[in-house]
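To find a chain, count down the sequence lines: A is the first, B the second, and so on, and within it residues start at 1.
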Protein chains: 2
Amino acid sequence: MNLSRTAYVVLGMLAVAGDRSGYGIRGAIETSVGYFWGESYGQIYPALKQLSAEGLIKAGGKPGKQKRQAYRITPAGRAVLRDWLAAPFQNDPPRNEFLLKLFFGAEADPSVAIEHIRELERRNLQSLRAMEEIEVLAPKVNAGEPGLKYWMLTLRLGLAMNRAALEWGKEALAELETDGRGNGASGSAAKK
Amino acid sequence: MNLSRTAYVVLGMLAVAGDRSGYGIRGAIETSVGYFWGESYGQIYPALKQLSAEGLIKAGGKPGKQKRQAYRITPAGRAVLRDWLAAPFQNDPPRNEFLLKLFFGAEADPSVAIEHIRELERRNLQSLRAMEEIEVLAPKVNAGEPGLKYWMLTLRLGLAMNRAALEWGKEALAELETDGRGNGASGSAAKK
DNA sequence: CGTGGCATGTAAACGGTTACATGATTTA
DNA sequence: TAAATCATGTAACCGTTTACATGCCACG
């Protein structure tokens with residue numbers, strides 16, 4: 001009867017965001033924890049089934065009906081969620097393809113690394129804008145929510161990391177671009 | 001004939017770190033890109049086999065011998081590596097269990113979130129120390145290496161992220177701890 | 001010579017994404 | 001009522017970790 005992490009996320013979402021269907025849970029995940037956690041339907045629906053079987057959530061409303069079957073967390077579910085929250089968190093395996101390609105940068109033309117960094121800056125800037133918007137909206141939309149304090153904390157870590165990465169990118173570009181002027185070093189001719 | 005990302009990492013390591021065995025490749029990955037990429041033997045050995053079959057690397061030395069069979073990247077292998085480096089990098093799916101638990105913080109006793117943040121600070125401080133050591137050692141050990149410039153760039157992004165996270169942690173703790181003095185809000189009694 | 005660690009490899013299990021199938025509801 | 005979209009679900013596939021099996025070598 002081991003629960004997957006997906007199951008815990010589902011449990012958590014039902015706890016903090018109220019009764020929802022599988023579809024609704026997916027949406028809630030994307031718009032709230034989306035920048036540090038993801039789940040697909042292929043995970044969520046089986047998890048709902050299991051949680052139901054364990055009595056940690058229960059389906060509400062019209063049973064025979066095929067339409068937005070909403071689930072509610074049970075007291076037993078809340079207890080299981082609390083236990084999981086108190087357990088030590090695990091460091092997820094690091095996987096950053098950008099850094100990997102940058103690390104091997106000397107194997108390609110210098111322009112390759114530069115372009116990757118520019119692309120990273122673009123993506124970071126975009127998600128920074130999105131987070132900044134949420135930063136001003138969330139307190140208004142969720143005024144009074146007991147979870148707000150924690151939601152803002154996660155958001156602020158995201159903002160801090162994003163800004164740090166953006167800052168790094170500026171310096172990195174400056175370094176690589178001035179390098180390029182002096183010499184065309186360490187490159188290899190394009191082949192394609 | 002599609003190559004997995006593992007295969008590219010192997011290729012890259014053979015390119016920048018010289019001839020190595022599967023065991024040696026694993027070690028090189030851990031000590032160089034370990035903080036943003038990981039591979040297990042269960043991935044590496046099959047990848048070596050495939051790369052060999054494709055002619056992108058070739059086994060050197062005593063063939064029948066069962067001992068540290070080292071591989072070398074071929075010119076074809078370098079070409080494939082270059083092409084991969086030039087292709088757009090993908091954003092890896094985000095998975096941060098710490099942030100997830102923090103997000104659900106209101107469902108548990110306030111001390112839970114505080115303890116998690118303290119633990120995060122500990123881990124971050126430790127990896128910061130390690131990176132700072134590498135920062136001073138790497139230029140001496142790898143003087144003259146064409147890749148050094150890029151290695152230092154990845155390292156500096158790691159340092160920047162780490163410091164930003166550490167800074168965030170201090171503020172987050174200050175916020176949560178002063179909160180705790182005023183009221184024991186939003187908690188739920190321990191049950192276990 | 002035997003024990004422990006180095007090194008290679010494989011099989012099973014797991015977690016996760018993707019693609020597909022299908023029904024229900026909305027809208028034009 | 002046709003088309004588009006919402007919603008649920010399943011099966012196949014892929015990447016990855018884990019556990020296990022095994023042989024080689026160095027050292028006592």
- Using a cut-off of 6.0 Å, state whether more than 12 heavy atoms not belonging to Glu135(B) lie near its atom CD.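 Yes - once you tally the heavy atoms of other residues, nucleotides and ligands closer than 6.0 Å, there are more than 12.
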(Q) For Gln90(B), I'd like to know if atom CD has over 12 heavy atoms of other residues, nucleotides or ligands within 6.0 Å. (A)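 Yes.
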Rounded to the Å, how far apart are [X] [atom1] and [N] [atom2]?
X: Arg26(B); N: dG5(C); atom1: CZ; atom2: P; value: 18 Å
X: Asn2(A); N: dC14(C); atom1: CG; atom2: P; value: 10 Å
X: Tyr8(B); N: dG15(D); atom1: OH; atom2: C1'; value: 15 Å
X: Gln69(B); N: dC24(D); atom1: CD; atom2: C1'; value: 14 Å
X: Leu3(B); N: dC14(D); atom1: CG; atom2: C1'; value: 15 Å
X: Gln50(A); N: dC14(C); atom1: CD; atom2: P; value: 12 Å
X: Tyr71(B); N: dA7(C); atom1: OH; atom2: C1'; value: 12 Å
X: Glu97(B); N: dG15(C); atom1: CD; atom2: C1'; value: 14 Å

Open item on the list: Ignoring hydrogens, what is the shortest heavy-atom contact between Ile73(B) and Leu11(B)? Give both atom names and the distance.
Closed with: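 Result for this residue pair: CD1-O, 3.7 Å.
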Could you pull out the closest heavy-atom pair between Glu97(A) and Asp92(B), with the gap in Å?
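Heavy atoms of Glu97(A) and Asp92(B) come nearest at N-OD2, 2.9 Å.
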Spacing of CH2 belonging to Trp168(A) relative to CG belonging to Asn124(A), to within rounding of 0.5 Å: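 Separation between the atoms: 9.5 Å.
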Set of side chain to side chain contact (heavy atoms under 4.5 Å, CB included) partners for Glu132(B), sequence neighbours left out: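 Counting only residues at least two positions away or on another chain, Glu132(B) forms a side chain to side chain contact (heavy atoms under 4.5 Å, CB included) with Leu128(B), Arg129(B), Leu159(B), Arg163(B).
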Any residue meeting side chain to side chain contact (heavy atoms under 4.5 Å, CB included) with Tyr23(A), in chain and number order, not counting sequence neighbours: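 Result, side chain to side chain contact (heavy atoms under 4.5 Å, CB included) vs Tyr23(A): Ser21(A), Tyr41(A), Tyr45(A).
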- Does Val112(A) sit in a hydrophobic cluster with other residues, and if so which ones, taking ILVMFWY side chains as linked at heavy-atom separations under 4.5 Å, directly or through other members?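 Once heavy-atom contacts under 4.5 Å are chained together, Val112(A) still belongs with nothing else.
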inquiry  = If you only use heavy atoms from C-beta on, which nucleotide in dT10(C), dT16(D), dG16(C) is closest to the side chain of Arg95(B)?
reply    =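 Among dT10(C), dT16(D), dG16(C), the one nearest the side chain of Arg95(B) is dG16(C).
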Could you check Phe104(B) against Met13(A) for side-chain contact (heavy atoms from CB on, under 4.5 Å), going step by step and ending with a plain yes or no?
CA-CA 8 Å; Phe104(B) 296 136; Met13(A) 278 299 157; 4.2 Å; yes
Exercise. Rounding to 10 degrees, work out the angle separating the end axes of the helix from dC1(C)-dG28(D) to dA28(C)-dT1(D) (five pairs an end).
Key: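 The helix from dC1(C)-dG28(D) to dA28(C)-dT1(D) shows an end-to-end axis angle of 10°.
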| Heavy atom of residues 15-23 of chain A under 4.0 Å from DNA chain D: which residues? |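 Residues of residues 15-23 of chain A under 4.0 Å from DNA chain D: Ser21(A), Gly22(A), Tyr23(A).
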Of residues 36-47 of chain B, the positions that come close to DNA chain D - non-hydrogen atoms, cut-off under 4.0 Å: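 Going residue by residue through residues 36-47 of chain B, the ones with a heavy atom under 4.0 Å of DNA chain D turn out to be Ser40(B), Gly42(B), Gln43(B).
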Does the separation of the ring centres of Phe103(B) and Tyr150(A) fall below 6.0 angstrom?
->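 No.
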task = For Arg5(A) and for Gly24(B), find the nucleotide of DNA chain C with the closest heavy atom, then tell me which residue's nucleotide is more 5'.
result =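 Per heavy-atom nearest nucleotide, the more 5' residue is Gly24(B).
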